[in-house]
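The block underneath contains the structure these notes are about, expressed in structure tokens.
Chain letters run A, B, ... following the sequence lines, proteins first, then strands; residues in each count from 1. The figures that follow rest on heavy atoms only: side chains count, while hydrogens, waters and symmetry mates do not.
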2 protein chains.
Amino acid sequence: MSLRNAILALLTVEPMTGYDLLKHFEASVGHVWHAPDSQIYPALRAMEKDGLLEGTDVTWGQRGTKRRYAITEAGRTAFREWMDTPLDYPRDRDPVHLKAAYFEWATPDAAALQLRAHIAHYTGRLEQWREKIREIETGGSDMLNRRLATVPSSQHERTIAFKRYTYEGMIARAEAEIAWARHGLALLDELE
Amino acid sequence: MSLRNAILALLTVEPMTGYDLLKHFEASVGHVWHAPDSQIYPALRAMEKDGLLEGTDVTWGQRGTKRRYAITEAGRTAFREWMDTPLDYPRDRDPVHLKAAYFEWATPDAAALQLRAHIAHYTGRLEQWREKIREIETGGSDMLNRRLATVPSSQHERTIAFKRYTYEGMIARAEAEIAWARHGLALLDELE
DNA sequence: CGTCTCATGTAAGGAGTTACATGATTTA
DNA sequence: TAAATCATGTAACTCCTTACATGAGACG
């Protein structure tokens, strides 16, 4: 249900088309929750059917139309409810650590390569998340600015703080992963 | 494909029935990769069909039979190949952090409750992973001992080191999650 | 006139969950 | 003899991925 709630979260700011949402998934929420077009469009139709959204056709250019979705009161309620409900934690299922447990079956070079890929992966993410925090701090985040415009200024601090807090968590995790992988490279050296 | 490889990893030690595997998933690999019976049994049949495993019916009690699966040479090769191949990293999709980004929509109490649940979740995992490391260190891990019996003693150090390394990674991650959630609780207090 | 962006889909398949089922064997 | 353990499934469903498709509008 997280996809639906990610969509609801974005639509609390303003009505959007599927394409708008797609772009926001790529540019902002996507750093925490990815969703491709093939998921978004059907989800929007289903959510409209369920009364969480209301879609209206908007003309686009000469002949074209696009569908703009607005969150309904039921949608807002559902989102608030989800926000107040504790999540289920899925059982652990971690391919990277599963593999690391059997590194004696890999060649040392292949193992090292994979640890370096792990570092590269999280280093890349780190950059992106740090960039998001920079955007938040400098007020350069479009989506956040539009969101702030919809809430009383007494809520601005909270709203900003939680976005920042989220990315800080992702960064801390990435740093832990990088440290672990570096430790693994050292271990491979030692064992050779 | 990780499920299949987790199964192959276990069967490199000795042939097992679906039920044996199920128990090992609950007790050892399951701390890194969970799999329920409804996944394991069909997977075993499919893997036998693909030539990765060879199943033989074994009598059990008076009338019963059970099927014991042994890894084939093709299975061993496939496992080694997987071990040498870098993983694809899935796109980020993290419900906890997604939610944290919109904590201003939750009541402060509900947000705090969820952060405490986060701490409780990872504290529990932490205990289990620490216990696994203790088992490894004291030689109290059945599965590891049986695995060690199948490899030359020159490989024992590596084999043990990687198991330990894996759980250390899980522990580091859990500690980062707990620290993040505590930070979140402090933040909620501050903002009130 | 071509290419990029905007716009929206379908279809097949893989992975995993939940619930529903059944029956033999061992052990207390 | 009852309960726990051993043993093995099926069916429906959700979520997500990958690939395949199409077409209009804007811009240079």
query: Do B/Leu98 and B/Leu113 sit in the same hydrophobic cluster, where Ile, Leu, Val, Met, Phe, Trp and Tyr count as joined when their side-chain heavy atoms come under 4.5 Å apart?
result: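 In one cluster: no.
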
Salt-bridge contact [X]-[Y] (side-chain N to carboxylate O under 4.0 Å):
X: B/Asp94; Y: A/Arg173; result: yes
X: A/Asp57; Y: A/Lys66; result: no
X: A/Asp20; Y: A/Arg68; result: no

message: Base, sugar-phosphate or nothing for B/Arg45? Non-hydrogen atoms, less than 4.0 Å.
response: sugar-phosphate

Report the distance from atom [atom1] of [X] to atom [atom2] of [N], rounded to the nearest whole Å.
X: B/Phe25; N: C/dG16; atom1: CZ; atom2: P; result: 10 Å
X: A/Leu44; N: C/dT10; atom1: CG; atom2: C1'; result: 16 Å
X: B/Asp37; N: C/dT18; atom1: CG; atom2: C1'; result: 11 Å
X: B/Ile40; N: D/dG9; atom1: CD1; atom2: P; result: 12 Å
X: A/Lys23; N: C/dC4; atom1: NZ; atom2: P; result: 14 Å
X: B/Asp57; N: C/dA24; atom1: CG; atom2: P; result: 16 Å
X: B/Glu26; N: D/dA4; atom1: CD; atom2: P; result: 16 Å
X: B/Arg91; N: D/dC16; atom1: CZ; atom2: P; result: 13 Å

field: Distance-only donor-acceptor test, B/Ser38 side-chain atoms vs C/dT18 base atoms, 3.5 Å
entry: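 Looking at the base of C/dT18, it does pair with a donor or acceptor on the side chain of B/Ser38 (distance under 3.5 Å).
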
Of the listed nucleotides [options], the one nearest the side chain of [X]:
X: B/Tyr19; options: C/dG9, D/dT5, D/dT17; result: D/dT5
X: B/Met1; options: D/dC6, D/dG9, C/dA15; result: C/dA15
X: B/Gln39; options: C/dT5, D/dC6, C/dA15; result: C/dA15
X: B/Leu3; options: C/dT17, C/dG16, D/dT8; result: C/dG16

field: Members of residues 92-99 of chain B that approach DNA chain D, where some heavy atom sits under 4.0 Å away
entry: B/Arg93

query: Taking for each residue the nucleotide of DNA chain D bearing the nearest heavy atom, is the 5' side occupied by A/Gly64 or by A/Ala35?
result: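 Taking each residue's closest nucleotide, the earlier one in sequence belongs to A/Ala35.
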
query: On DNA chain D, nearest-nucleotide positions of B/Asp88 versus A/Arg4: which is more 5'?
result: A/Arg4

message: How about CD on B/Glu135, more than 12 heavy atoms from neighbouring residues, nucleotides or ligands closer than 6.0 Å, or not?
response: yes

- prompt: Just wondering, are more than 12 heavy atoms of other shown residues or ligands nearer than 6.0 Å to CD in A/Glu137?
  reply: yes

message: Walk me through whether A/Arg67 and A/Glu48 qualify under salt bridge (Lys or Arg N to Asp or Glu O under 4.0 Å).
response: CA-CA 11 Å; A/Arg67 198 154 180 84; A/Glu48 181 173 11; 2.8 Å; yes

field: Inter-residue atom distance B/Lys99.NZ - A/Asp84.CG, 0.5 Å rounding
entry: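 The CG atom of A/Asp84 is 8.0 Å from NZ of B/Lys99, to the nearest 0.5 Å.
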
- prompt: Is any side-chain N or O of B/Trp60 closer than 4.0 Å to OP1 or OP2 of C/dA24?
  reply: no

message: Over 60° means perpendicular and under 30° means parallel, so tell me whether B/Trp180 and B/His97 are parallel, tilted or perpendicular.
response: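 Geometry flag for B/His97 against B/Trp180: parallel rings.
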
field: Five-pair end axes of the helix from C/dC1-D/dG28 to C/dA28-D/dT1, angle between them (10°)
entry: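 Taking the rotation axis at each end, their angle is 20°.
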
message: How close do B/Pro95 and A/Ser2 get, counting heavy atoms only, and between which atoms?
response: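 Shortest heavy-atom contact: CB-OG, 3.6 Å.
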
